[in-house]
K.L.:
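Sharing a structure here in structure tokens format.
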Amino acid sequence: RLVEEELGEPLERLFASFDHVPFATLPFALIYRARIRLRRGEVEVTVRVLQPGARERLERDMKRIRRMLRLLRSLRLVPVGYLDEMLLEIDAARVELTDYRYERSHLGRLRLTLEGHKIRVLRAFKKWSARSVLTCEYIAAPSLDDLREARLRQPVEVDGWLIEHDIDPRSVGRRLIESFLRQVCEESEFDRNVAPRHVLLLRGNRIALVGARSVRTLHSTVRTTYSMMLRALASAEFEKAADCLLLLCDSLPRIDVSRVRGQIVVLFRRFHARARLHPASHREKSLFHLFREAIVILERHGIWLTWQVFDIQLGWSNLDECLALVAPEANAVKQIARFFRDAGVRRAASTRRLGLQGTVQRLMMSAGELAMFQGAELRRRARVFQATVGKGAFFLGTVVNLGRWAALLVLAASALGILHEARPEAVPSWIADRIELVLAGHHLPRVSWTVLAVGSGLLVLALGRFRKKLLEPGPGDVEGRR
């Protein structure tokens with residue numbers, strides 16, 4: 001009934017056949033088998049139907065999550081710098097999970113993005129899809145999840161099936177990581193959800209992707225800087241890679257980042273050495289775990305990466321599960337270096353196709369990106385300078401504050417001196433004795449006390465304003481988000 005309400009026609013007119021018993025389930029959805037009529041004939045499809053009430057349940061869950069996060073923020077148990085982005089991400093996931101129009105759009109965009117990657121993307125049919133219904137082609141092939149479960153039960157049979165269908169798991173792993181690198185470093189969009197359940201194994205090392213709820217767009221600055229970081233890591237330029245990672249931060253606190261940079265350089269150098277080891281565990285050679293350790297180092301010093309880096313990190317997390325199944329000991333550094341060599345070949349071929357005018361335009365764009373990087377590098381150095389100057393300003397501000405308190409004491413003493421000259425009986429005897437002791441028997445007239453009081457008062461005001469001006473941030477000074 002829900003399918004008919006969403007599509008506006010009876011099932012008999014929409015489908016050549018429709019199996020009313022679901023053959024699979026997903027969170028908040030049921031999946032049915034069916035056949036549709038196209039010009040080339042009948043095509044077998046899967047029809048995903050959102051369960052009634054799923055949106056309302058997720059909206060209630062979202063309200064509970066917001067209340068819980070507010071409580072955790074008040075207790076400082078979650079990173080404050082990422083809290084707003086976390087809420088936006090959870091809310092976006094909720095919408096995309098319950099509105100299949102987004103996934104149909106993502107699948108169409110991903111088909112265009114991966115057109116030259118030799119990866120097949122599931123086709124969604126617009127006429128048979130709506131907000132709560134998604135109809136896609138049916139691909140009869142096992143997923144990497146199925147491969148994992150089958151290996152636990154029948155490892156010998158699985159190896160025989162792989163040989164029979166001309167599938168080399170290591171070649172599948174290379175294709176997956178090459179495609180992900182191309183998406184992040186070259187394409188305008190990338191898929192964060194390359195999880196084992198979404199990757200189907202086809203004959204001849206071919207791959208099909210059947211889920212696309214997490215297609216994201218990278219800002220050109222982030223894409224360029226992230227690509228430079230990977231290239232520097234592959235070519236053992238660890239200092240440059242660390243600098244690129246720091247450029248991916250939203251802001252830097254008022255600290256000297258050279259110590260943080262040194263820790264990241266050591267981390268990258270150790271990973272580069274481990275990448276050539278054999279045998280070695282997948283975790284030791286995993287890019288996902290490398291970047292996670294780098295993020296921990298940054299957050300330990302109050303440095304927060306831009307949220308788009310976490311979009312990429314989520315992609316590495318899902319891809320890492322796939323690589324652990326098909327290529328657990330792959331040399332990631334070697335694969336990144338191979339990717340950039342192939343990228344150079346693709347750029348050269350593209351330059352030949354573009355001709356002189358297109359090449360000039362591309363050079364102008366590259367010059368703009370280089371200027372962007374140099375500008376960001378100058379800003380980073382300025383932040384380090386501000387951090388160093390900030391420490392000196394803080395010390396000087398402390399000295400000025402001590403002088404201000406001393407002037408306040410002189411002002412108070414001057415007021416008591418004026419009062420003692422005007423009305424000696426109003427000043428307690430022990431205070432009068434202290435004044436006589438300080439003056440060592442000398443007598444100061446009321447005019448002198450008045451001049452001292454006015455001078456010390458003006459000094460208090462001047463030092464207060466100077467300290468405020470000294471410690472206030474400049475117009476280009478960006479504070480940390482902590």
K.L.:
I'd like to check His106 versus Glu189 (side-chain heavy atoms, cut-off strictly below 4.5 Å). Are they in contact?
P.N.:
no
K.L.:
Are Phe268 and Phe271 close enough that some pair of their side-chain heavy atoms sits under 4.5 Å apart?
P.N.:
no
K.L.:
Measure the shortest side-chain to side-chain distance between Leu58 and Asp61 over non-hydrogen atoms and say whether it is less than 4.5 angstrom.
P.N.:
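The answer is yes, as the side chains (C-beta and beyond) meet within the 4.5 Å cut-off.
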K.L.:
Do other residues, nucleotides or ligands put more than 12 heavy atoms under 6.0 Å from the CZ atom of Phe238?
P.N.:
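Yes, because the 6.0 Å sphere around CZ of Phe238 holds more than 12 heavy atoms from other groups.
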K.L.:
Could you walk me through whether Asp243 and Lys240 pass the salt bridge (charged side-chain N to carboxylate O under 4.0 Å, His left out) test, one step at a time?
P.N.:
CA-CA 5 Å; Asp243 286 338; Lys240 181 179 178 181; over 6 Å; no
K.L.:
Between Leu114 and Asp191, does a side-chain contact (heavy atoms from CB on, under 4.5 Å) hold up when you go through it step by step?
P.N.:
CA-CA 10 Å; Leu114 302 186; Asp191 182 17; 6.0 Å; no
K.L.:
Does Arg231 offer a backbone N or O that forms a donor-acceptor pair with the side chain of Ser235 under 3.5 Å?
P.N.:
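Judged by distance alone, yes, a pair lies under 3.5 Å.
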K.L.:
Surrounding CD of Glu115 (heavy atoms of other residues, nucleotides or ligands, distance under 6.0 Å), is the total greater than 12?
P.N.:
no
K.L.:
Work out which heavy atom in Val194 is nearest to a heavy atom in Cys322; give both atom names and the distance.
P.N.:
O-SG, 3.2 Å
K.L.:
Go through the steps to decide whether Leu122 and Leu110 satisfy the test side-chain contact (heavy atoms from CB on, under 4.5 Å), and finish with yes or no.
P.N.:
CA-CA 9 Å; Leu122 194 68; Leu110 197 61; over 6 Å; no
K.L.:
Using a strict threshold of under 4.0 Å (side-chain N to carboxylate O), is an ion pair present between Arg203 and Glu164?
P.N.:
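Result for this pair is no, no salt bridge flagged.
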K.L.:
Can a side-chain donor-acceptor contact be found between Asn318 and His198 if the only test is distance below 3.5 angstrom?
P.N.:
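Looking only at side-chain atoms, Asn318 and His198 do not form any donor-acceptor pair under 3.5 Å.
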K.L.:
So, taking the atom named OG in Ser227 and the one named CZ in Phe340, what distance separates them when rounded to the nearest 0.5 Å?
P.N.:
4.0 Å
K.L.:
Once side chain to side chain donor-acceptor pair (under 3.5 Å) is applied, what residue pairs with a partner in residues 6-24 remain, sequence neighbours excluded?
P.N.:
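Counting only pairs at least two positions apart or across chains, the side chain to side chain donor-acceptor pair (under 3.5 Å) contacts touching residues 6-24 are Glu6-Ser132.
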K.L.:
Hey, what do you get for OG1 (Thr221) to CG (Leu247), rounding to the nearest 0.5 Å?
P.N.:
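Spacing of OG1 (Thr221) from CG (Leu247) equals 10.5 Å.
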K.L.:
Would you mind reporting whether Phe190 and Thr113 have side-chain heavy atoms less than 4.5 Å apart?
P.N.:
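No; the side chains remain at least 4.5 Å from each other.
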K.L.:
Identify the heavy atoms of Ser129 and Thr135 that sit nearest to each other, and give their distance.
P.N.:
OG-N, 3.1 Å
K.L.:
First locate atom CD of Gln335, then atom CG of Leu323, and finally report the distance between them rounded to the nearest 0.5 Å.
P.N.:
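It comes to 7.0 Å.
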K.L.:
Side chains of Ile297 and Arg300: does their closest heavy-atom pair fall under 4.5 Å?
P.N.:
yes
K.L.:
Which value, rounded to the nearest 0.5 Å, describes the distance between Asp320 atom CG and Lys285 atom NZ?
P.N.:
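With rounding to 0.5 Å, CG (Asp320) is 13.0 Å from NZ (Lys285).
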K.L.:
Can you say whether the rings of Phe125 and Trp128 are parallel (under 30°), tilted (30 to 60°) or perpendicular (over 60°)?
P.N.:
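Taking Trp128 first and then Phe125, their aromatic rings stand perpendicular (interplane angle over 60°).
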K.L.:
To the nearest 0.5 Å, tell me how far Arg55 CZ sits from Leu97 CG.
P.N.:
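So the gap between those two atoms works out to 10.0 Å.
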K.L.:
For residues 169-182, dump all side-chain donor-acceptor pairs below 3.5 Å to protein atoms at least two apart in sequence or in another chain.
P.N.:
residue : atom : partner : partner atom : Å
Ser171  : OG   : Asp168  : OD2          : 3.1
Ser171  : OG   : Arg174  : NH2          : 3.1
Arg175  : NH1  : Asn205  : O            : 3.1
Ser179  : OG   : His117  : ND1          : 3.0
Ser179  : OG   : Gln183  : NE2          : 3.1
Arg182  : NH1  : Gly116  : O            : 3.3

K.L.:
Are any of the side-chain nitrogens in Glu89 or Arg94 under 4.0 Å away from the carboxylate oxygens of its partner?
P.N.:
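No, no charged N to carboxylate O under 4.0 Å.
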K.L.:
In terms of side-chain heavy atoms, does His278 have a donor or acceptor partner in Glu329 at a distance below 3.5 Å?
P.N.:
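Short answer, yes.
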K.L.:
Should Val210 and Val199 count as side-chain neighbours, where that means a heavy-atom distance under 4.5 Å?
P.N.:
no
K.L.:
Would you please say whether a donor-acceptor pair under 3.5 Å links the side chains of His272 and Arg269?
P.N.:
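His272 vs Arg269: no donor-acceptor pair found between side chains.
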K.L.:
Using a 4.5 Å cut-off on heavy atoms from C-beta on, say whether the side chain of Cys185 contacts that of Phe339.
P.N.:
yes
K.L.:
Go through the steps to decide whether Glu42 and Arg35 satisfy the test salt bridge (charged side-chain N to carboxylate O under 4.0 Å, His left out), and finish with yes or no.
P.N.:
CA-CA 6 Å; Glu42 292 187 357; Arg35 299 182 71 85; 3.2 Å; yes
K.L.:
Given the rule in the side-chain contact (heavy atoms from CB on, under 4.5 Å) test, do Glu137 and Thr46 qualify, once you have shown the distances and angles that lead to the verdict?
P.N.:
CA-CA 6 Å; Glu137 64 177 324; Thr46 62; over 6 Å; no
K.L.:
If you take all heavy atoms of Leu30 and Pro22, which pair is closest and at what distance?
P.N.:
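What the structure gives for the nearest pair is CB-CB, 4.2 Å.
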K.L.:
What closest approach, in Å, do Met228 and Cys244 show between heavy atoms, and which atom pair accounts for it?
P.N.:
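Closest approach of Met228 to Cys244: CB-SG, 3.9 Å.
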K.L.:
Are Arg48 and Tyr100 in a cation-pi contact, defined as NZ or CZ under 6.0 Å from the six-membered ring centre and within 45° of the axis?
P.N.:
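Ring-cation test returns yes.
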K.L.:
Going through the distances and angles, do Asp99 and Arg131 end up as a salt bridge (charged side-chain N to carboxylate O under 4.0 Å, His left out)?
P.N.:
CA-CA 5 Å; Asp99 191 340; Arg131 189 182 182 198; 3.7 Å; yes
K.L.:
Side chains of Glu96 and Glu103: does their closest heavy-atom pair fall under 4.5 Å?
P.N.:
no
K.L.:
Show me, pair by pair, the donor-acceptor contacts under 3.5 angstrom made by side chains of residues 142-156, not counting sequence neighbours?
P.N.:
residue : atom : partner : partner atom : Å
Ser143  : OG   : Asp145  : N            : 3.4
Ser143  : OG   : Asp146  : N            : 3.2
Ser143  : OG   : Asp146  : OD2          : 3.2
Asp145  : OD1  : Arg148  : NH2          : 2.3
Asp146  : OD2  : Ser143  : N            : 3.0
Arg151  : NH1  : Leu325  : O            : 2.9

K.L.:
Which value, rounded to the nearest 0.5 Å, describes the distance between Leu246 atom CG and Met229 atom CE?
P.N.:
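Reported to 0.5 Å precision, the distance equals 10.5 Å.
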K.L.:
Of all the heavy-atom pairs spanning Ile36 and Phe15, show the shortest one and how long it is.
P.N.:
CG2-CD2, 3.5 Å
K.L.:
Minimum heavy-atom separation for Ile90 to Met62, with atom names?
P.N.:
CG2-SD, 3.5 Å
K.L.:
Among side-chain atoms of Gln308 and Thr306, is any donor-acceptor pair under 3.5 angstrom?
P.N.:
no
K.L.:
Once the angle between the rings of Trp316 and Phe291 is folded into 0 to 90°, is it parallel (under 30°), tilted (30 to 60°) or perpendicular (over 60°)?
P.N.:
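The arrangement is tilted - the two ring planes meet at 30° to 60°.
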K.L.:
Angle between ring planes, Phe23 versus Tyr138, binned at 30° and 60°: parallel, tilted or perpendicular?
P.N.:
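Perpendicular, since the angle between the ring planes exceeds 60°.
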K.L.:
Carefully, step by step, assess Arg346 and Glu186 under the rule salt bridge (charged side-chain N to carboxylate O under 4.0 Å, His left out).
P.N.:
CA-CA 11 Å; Arg346 286 192 294 271; Glu186 296 181 4; 2.8 Å; yes
K.L.:
Atom CZ of residue position Arg270 - does it have more than 12 heavy atoms of other residues, nucleotides or ligands inside 6.0 Å?
P.N.:
no
K.L.:
Given side-chain contact (heavy atoms from CB on, under 4.5 Å), test Val47 with Ile31 step by step and report yes or no.
P.N.:
CA-CA 6 Å; Val47 182; Ile31 303 179; over 6 Å; no
